[in-house]
Structure formats: C-alpha cells, structure tokens
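Read the structure below first, then the notes.
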Amino acid sequence: MPHSPPPTDHEAQQPPFPASSDATPRPIETQNPGANIQYQLFLDCVHCGLCTASCPTYVELGDENDSPRGRIYLMRAVTDGRLALNREVRRHLELCLDCRACETACPSGVQYGKLIEPFRVAMEQHAGDGASAADRKTNDWFHRWILFGVFPYPGRMRKLLWPARVAQRLGLMRLAESLRLTRLLPRRLQQLVTMLPPPRKAEAPLPETLPAKGPRRAKVALFTGCVGDVMFRHAHWATARVLQENGCEVVIPRDQACCGAIHFHAGSSEPAQMLADANVAAFAAADCDAVIVNVAGCGSMLKDYGHHWDDARTAARESFAHKVRDINEFLDELGFIPPRGELPLKVTYHDACHLVHAQKVREAPRKLLRQIPGLQLVDLPESELCCGAAGTYNLTEPEMSARLSQRKFNNILKTGANVVATANAGCLLQIMREARLQNEKLEIVHPVELLDRSYQAKA
Ligand code: SF4
Ligand code: SF4
C-alpha cells in the first residue's frame with residue numbers, strides 16, 4: 001500500500017499549522033501508526049474547514065490542531081513521515097472525542113472515524129517516545145485495573161461499586177464530597193466517584209425470553225452490555241417492555257459480552273476483537289431478526305464489527321453488524337404502535353454523538369417521543385454538540401469534558417424543560433452529574449423510559 005504519494009492540489013490549501021519540531025520528510029517507519037489506513041481516506045479531506053464549527057474541541061479551544069481538518073492533517077503528515085509523532089501531536093489526537101460530528105458536517109464525505117480510530121489504536125500499540133514514562137504508568141494502572149479490568153464485566157463492576165453504594169445510602173458520599181475528601185483519591189477515580197448516579201431500587205435480571213404482546217411481528221435479541229446493565233438495567237426493562245408492546249418476542253442471550261468499545265477506543269484492539277467474537281457467537285445462537293441496542297456508544301461499536309478487523313471471521317462479524325439496530329431506529333422502521341397514556345411533560349432531547357453522527361439516527365427518537373400524548377418536545381440549542389461524556393473520555397480527559405458538560409447543561413436550562421431525554425448511558429451519567437453539580441432538579445432519562453411510562457399509564 002503506497003504511503004508517500006506526491007503532493008496534491010490540496011497541499012496548497014492547507015491551514016496555518018505550527019511548524020513541526022520535525023518537519024523534514026523521513027523514511028516511513030515500520031511502526032507507522034497510519035500504516036494500516038487506506039491512504040485515500042486522508043485525501044478525501046479537501047481542507048475546506050466546513051467541519052470546524054461542529055467540532056467541540058475546536059469550538060472550545062479555537063486551535064486548528066484541535067479541529068477535524070487539523071487532526072487529519074497531523075495524521076497524514078505522520079503517516080507520510082513528514083512529522084514526528086511527538087508529545088504535542090499525540091495530545092491533539094488524544095483530545096479528540098471521537099464524536100464524529102465532523103462526519104455529519106463534512107460535505108466531502110470524509111470518514112473521520114476510519115482515520116482516528118485505527119490511528120489511535122496503532123499510536124497506543126507503538127507508544128514510542130511521544131508519551132512520557134509517567135503518562136504510560138498512570139494510564140497503565142487505570143486502564144488495566146479499572147477500564148479494562150472492571151468496566152467490561154458487570155459482575156466485577158457491581159462488586160467494586162458496592163461500598164460506594166452503601167456510602168451513598170448512608171449519606172457518607174455526600175459528606176465526603178462536602179468535606180472534599182474525595183479529592184484524596186487519584187484524579188480519575190475522583191471523576192469516577194462523582195459520575196455515580198443516586199441509588200435506585202435494584203432491578204431483577206432480565207429473563208432469557210419475553211413473549212410478544214399480540215400477534216408476533218418480529219423476534220429480536222436485546223444487547224445489555226456492561227456499564228449499561230449495571231447503571232441502567234431499568235432502561236433495559238423499559239426497552240424490553242416497549243418491544244413487547246410492539247409485537248416483538250425478546251430474547252436476552254446469556255453469553256453476550258461487553259461490546260469492546262472500551263478496549264478498542266483506548267487502543268487495545270485484540271481484547272476488543274475477542275469480545276466482538278463472543279457477541280457474534282452468542283447472538284447467532286439466538287437466531288433473531290434484529291439485535292436491539294439502547295446505548296448509542298455500544299450500538300455504534302456493534303455496527304462497526306465488520307470493518308474493524310480483517311480475518312477469517314470478518315464475514316460473520318459483518319452479518320451480525322447488519323442486524324444491529326438502535327431501539328429508536330428499530331421501532332420507527334418496524335412501524336411504531338403509539339402508546340396512549342398521557343404524560344404532561346416538557347422534554348428536550350440531546351443527540352448522543354454515537355447515535356446522531358456515527359449511526360445517523362436523528363429523527364427517529366424525536367418522532368417516537370412526539371407520539372406520546374401530552375408530551376411537549378422542545379428544541380435543545382447545540383443538541384448535536386458532544387456533552388463531554390464520549391465513552392471514557394470524561395475519565396481520561398476531565399478538563400475538556402467538564403467544559404463541554406457545562407456548556408451542554410447551560411443550553412438545557414435555556415429550554416425550560418423539566419425532563420432531558422438522551423439515548424446513551426454515558427450522556428445520561430454526564431448530564432445527571434452536571435445537574436447534581438449545579439443543584440438543578442431535572443429528570444434525565446432514556447427516551448424509551450418515557451415510551452414505557454406512557455404504555456403503562458394507558459392501563
Ligand atoms: S473533514 Fe470535510 S469538512 Fe472538514 S476540512 Fe476536510 S473536507 Fe472539509
Ligand atoms: S470526532 Fe469530534 S472532537 Fe474529534 S475532530 Fe471530529 S468533531 Fe472534533
């Protein structure tokens with residue numbers, strides 16, 4: 001695959017990036033992080049800059065290197081061997097939320113996710129001298145023990161959270177926060193503790209199957225995931241009930257695993273691939289018409305299984321990925337049976353990046369919510385700008401995450417809504433946390449919870 005093409009006309013239009021510390025072209029290294037990226041994907045960018053206004057990091061920092069155009073330029077220059085992957089370049093790439101708002105904005109169809117994701121995976125695998133030993137050590141323990149060791153496993157996560165849950169119930173967490181004792185924890189753990197939503201009644205695990213109500217219209221399998229199952233099992237129950245109301249038999253495969261996004265987006269491709277293959281096998285056994293997911297980040301990862309890895313199992317992953325549907329998307333496609341229970345609520349809807357930008361699901365959730373009797377849906381300014389959650393970004397990049405979270409919440413307050421709906425676990429946690437920090441009493445829910453409530457209210 002050629003990696004040193006001649007300069008194109010686009011080179012002349014390049015934006016004013018700072019001079020590199022190593023601007024001299026040099027031979028391509030075997031550990032080049034762009035080596036496995038199809039080079040044409042870089043060339044699709046014509047440097048028009050129409051994406052910059054939609055990029056959260058550019059909007060906040062105003063630095064061209066923190067814009068989509070800038071990052072594509074940096075990745076390409078590193079791939080060409082014209083720029084060293086030094087610490088500064090790495091920081092610009094690490095600060096990207098992978099929110100894909102640039103893909104939605106780009107008139108040239110640039111597939112930014114296919115550039116940044118493999119590039120960052122390779123960047124982590126060949127850390128080189130761009131990351132300091134301290135950086136690597138800090139990231140190591142957090143990634144190894146928390147992000148990789150606990151998050152993907154709901155059982156382990158419940159055990160880890162148990163003391164925090166007890167402290168919450170006894171009011172000790174609030175006390176520790178008010179005495180600023182949580183500041184004694186390492187920075188990322190502090191962030192993790194503050195993300196924990198208030199305890200709610202424990203929900204029973206979902207059974208292996210739930211029958212359709214009325215004539216069966218489809219047989220679907222529900223993806224329950226890891227963090228989603230620990231924090232939002234009530235949303236899984238709501239999803240299953242809404243599917244039943246819409247004539248779906250629901251299967252919940254027991255052998256399913258985490259979608260792999262936590263590993264993959266942190267640059268750890270092999271464990272992500274093993275999780276993907278476990279899911280492909282578990283859902284193949286369910287023999288269903290569609291795989292339903294209610295967490296946008298997981299949905300986006302599941303839909304991408306077919307092109308993340310190229311080996312003998314690629315076809316099986318592709319066929320699985322074709323069946324994956326976000327719950328909003330699926331109900332809209334199936335022909336939604338509207339609920340009849342009145343919900344006199346003023347609701348605003350936040351677009352989760354991995355739903356609107358990565359999966360292009362924009363109208364379906366709004367269409368469904370508008371069919372709830374009595375519900376008033378009001379527009380959210382900048383609804384498509386990331387809230388700063390972005391998978392585990394709020395744990396690994398807390399400063400930028402906090403800026404975006406405050407910006408999102410200020411926009412929410414402007415709507416005067418008393419309920420915020422969003423279809424992603426990370427966004428729910430992020431907005432809930434911001435509401436607590438700002439001491440605002442807002443209800444923050446998955447849209448499917450409102451649909452479920454309306455069906456239940458009908459009786
Ligand atoms: S990514 Fe698209 S919108 Fe952004 S500069 Fe490149 S071509 Fe233009
Ligand atoms: S993915 Fe999001 S943060 Fe990254 S460059 Fe694109 S718009 Fe900016």
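These numbers come from a predicted model, not from an experiment. In listed order, ligands and their atoms are each counted from 1.
Side chain to side chain, Glu64 and Ser67 meet the donor-acceptor criterion of an N or O pair below 3.5 Å. Using modelled atom types and a 3.5 Å distance limit, the side chains of Tyr112 and Asp44 yield no donor-acceptor pair. If you check the side chains of Lys414 and Asn411, you find a donor sitting under 3.5 Å from an acceptor.
Near His47, meaning under 4.0 Å from any of its heavy atoms, are these atoms of ligand 1: 5 (S), 6 (Fe). Residue Cys51 has at least one heavy-atom neighbour below 4.0 Å for each of these atoms of ligand 1: 1 (S), 3 (S), 4 (Fe), 5 (S). Atoms of ligand 1 lying under 4.0 Å from any heavy atom of Ser108, numbered from 1 in the order shown and given with element: 7 (S). Taking every non-hydrogen atom of Gly49 and a distance limit under 4.0 Å, the qualifying atoms of ligand 1 come out as 5 (S), 8 (Fe). Annotation for ligand 1: atoms under 4.0 Å from non-hydrogen atoms of Cys48 are 3 (S), 5 (S), 7 (S), 8 (Fe). Proximity to Cys106 (heavy-atom distance under 4.0 Å) selects the following atoms of ligand 1: 1 (S), 2 (Fe), 3 (S), 7 (S).
Of the charged side-chain nitrogens involved, at least one lies within less than 4.0 Å of a carboxylate oxygen, so that Glu382 and Arg407 count as a salt-bridged pair. Using a cutoff of 4.0 Å between basic side-chain nitrogens and carboxylate oxygens, Arg325 and Asp289 are not scored as salt-bridged. Between Lys114 and Glu103 there is no salt bridge, since none of the side-chain N atoms of the basic residue sits less than 4.0 Å from a carboxylate O of the acidic one.
Note on Cys45: counted as a metal contact of atom 6 (Fe) of ligand 1, an N/O/S atom lying under 2.8 Å.
Both tests do not hold together for Arg403 against Tyr393: distance to the six-membered ring centre under 6.0 Å, angle to the ring axis within 45°.
Using a 4.5 Å cut-off on side-chain heavy atoms (C-beta onward), Arg100 and Glu117 make contact.
Taking distances strictly below 2.8 Å, the protein N/O/S atoms close to atom 2 (Fe) of ligand 2 are Cys99 SG.
For atom 7 (S) of ligand 1, the nearest non-hydrogen atom of the protein is Val46 N, 3.3 Å. The nearest protein atom to atom 5 (S) of ligand 2, hydrogens excluded, is given as Arg71 NH1, 3.2 Å; this is a heavy-atom distance.
Of the options Arg69, Glu88, His92, Arg90, a side-chain contact (heavy atoms from CB on, under 4.5 Å) to Leu74 is made by His92 and by none of the others.
Within the 4.0 Å heavy-atom cutoff, Pro107 counts among the residues contacting ligand 1.
Heavy-atom neighbours of Asp311 CG from other residues, nucleotides or ligands within 6.0 Å: above the threshold of 12.
A parallel orientation is assigned to the rings of Tyr305 and Phe320, their planes being inclined by less than 30° (bins at 30° and 60°).
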